[in-house]
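To start, the structure under review is shown below, and the notes come after it.
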Amino acid sequence: MRIILTSVYVDDQEKALAFYTDVLGFVKKEDVPMGEHRWLTLVSPHDPDGTRLLLEPEGHPAARPFKEALAGDGVPFTMFGVEDAQAEYQRLKGLGVEFTQPPVEMGPVIMAVFDDTCGNLIQIAERTDL
Amino acid sequence: MSDVFHALAAPARRAILDELHERDGQTLYELCTRLTMKHDLEMSRQAISQHLDVLEAAGLITTRRDGRYKFHYLDTGPLRAIVERWRVPDPEE
């Protein structure tokens, strides 16, 4: 068994696509119309055949209160790996991305948390012990 | 005043103040991560939340909402009363 796909619930797929590609730098992998929504996945340019990220519409009524509760306490929904957390923080700040946590060294990891503009907090992490 | 002494009596609560002193304005998540990763404190989010309530009741921290997010801030104001209470005159004065 392998982990082939992970997802984030987004309030608007088109807005999410713009943020996750133009700002974060992921690339579109699949875009298939499915009724009123799309099967919309992205990959990292560093790993085009790697795990896909599904931009999933938050259609279920429980999705929004769940996201609000996590965000209120500053809890990220998922985590992406970066080479240099400080550099990525500066780059994203420059693009207007809002952070709830700047890069903080916690043991063997430097972690920061930002708002994906689609209702989620996302953590970026740099391993310093590798 | 006794609230302040009670709040300061727990090592976990002093660790929270240490972390806020290092960087003011943290989410509950950041505080939880810091306590786990830097202080080896194995506490649930609920337990940390309760510690924060005690600190807030003692006036040692304040919370502020910014949009959808809630941040915690250190307030050392109540500690001044402790210094004043046992103030020793500075020999230089």
Side-chain angles (χ1 to χ4, degrees), chain A residues 8-12 15-16 19 58 63-82 85-86 89-90 92-93 96-130, chain B residues 3 7-8 10-76:
Chain A
V8 286
Y9 286 109
V10 298
D11 57 0
D12 180 318
K15 182 179 74 175
F19 181 84
E58 53 175 37
R64 191 170 282 257
F66 169 71
K67 288 168 71 176
E68 283 301 318
L70 287 187
D73 285 338
V75 182
F77 184 77
T78 192
M79 190 193 312
F80 301 132
V82 295
Q86 189 61 39
Y89 170 71
Q90 293 300 342
L92 293 175
K93 282 278 273 192
V97 175
E98 279 185 49
F99 279 77
T100 59
Q101 180 187 313
V104 178
E105 195 165 352
M106 312 248 199
V109 198
I110 301 173
M111 295 186 282
V113 180
F114 65 83
D115 184 322
D116 78 347
T117 72
C118 303
N120 304 292
L121 289 175
I122 303 290
Q123 180 159 281
I124 48 174
E126 169 194 345
R127 289 288 295 264
T128 53
D129 60 344
L130 296 179
Chain B
D3 283 358
L8 293 172
R13 290 197 284 272
R14 294 199 297 274
I16 290 171
L17 298 182
D18 286 341
E19 291 305 317
L20 286 175
H21 186 250
E22 189 176 301
R23 195 181 91 73
D24 211 8
Q26 294 183 38
T27 61
L28 176 60
Y29 173 77
E30 179 173 351
L31 278 169
C32 290
T33 316
R34 283 169 176 260
L35 293 178
T36 308
M37 304 281 290
K38 298 175 69 182
H39 295 264
D40 267 333
L41 290 171
E42 299 282 328
M43 278 190 297
S44 66
R45 197 182 304 280
Q46 288 82 354
I48 294 171
S49 224
Q50 282 165 10
H51 283 309
L52 289 170
D53 289 343
V54 173
L55 288 167
E56 190 169 12
L60 288 164
I61 65 165
T62 58
T63 58
R64 207 151 61 224
R65 275 209 163 266
D66 182 6
R68 303 161 61 217
Y69 310 115
K70 183 177 168 188
F71 296 95
H72 302 80
Y73 297 85
L74 178 64
D75 186 349
T76 55

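So you know, we letter chains A, B, ... as the sequences are listed, proteins then strands, and number each from 1.
Contact annotation for A:Val104: only side-chain heavy atoms (C-beta onward) come within less than 4.5 Å of a heavy atom of chain B. Heavy atoms of B:Lys70 lying under 4.5 Å from chain A belong to its backbone as well as its side chain. For A:Leu121, the part lying under 4.5 angstrom from a heavy atom of chain B is the side chain only.
Listed by sequence position, B:Arg45 are the residues of residues 41-49 of chain B in contact with chain A, using a 4.5 angstrom heavy-atom cutoff.
Across B:Arg68 and A:Ala71, no two heavy atoms sit closer than the pair NH2-CB, 3.4 Å. In terms of heavy-atom proximity, B:Phe71 sits nearest to A:Thr100 at CE2-O, 3.7 Å.
Residues A:Gln101 and B:Gln26 are not in side-chain contact: their nearest non-hydrogen atoms beyond the backbone lie 4.5 Å or more apart.
In this structure, B:Leu31 CG and A:Asp73 CG are separated by 10.5 Å, a value rounded to the nearest 0.5 Å. Rounded to the nearest 0.5 Å, atoms CD (B:Glu30) and CE (A:Met106) are 5.0 Å apart.
Residue pairs meeting the salt bridge (Lys or Arg N to Asp or Glu O under 4.0 Å) criterion with at least one partner in residues 96-110 of chain A, sequence neighbours excluded, are absent.
Taking chain A as the reference chain and counting heavy-atom pairs below 4.5 Å, the highest number among B:Glu22, B:Arg23, B:Arg65, B:Lys38 is found for B:Arg23.
A 6.0 Å sphere centred on OH of A:Tyr9 holds no more than 12 heavy atoms belonging to other residues, nucleotides or ligands.
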Fill in: Working for side chain to side chain donor-acceptor pair (under 3.5 Å), residues B:Tyr29 and A:Gln123
CA-CA 11 Å; B:Tyr29 173 77; A:Gln123 180 159 281; 2.6 Å; yes

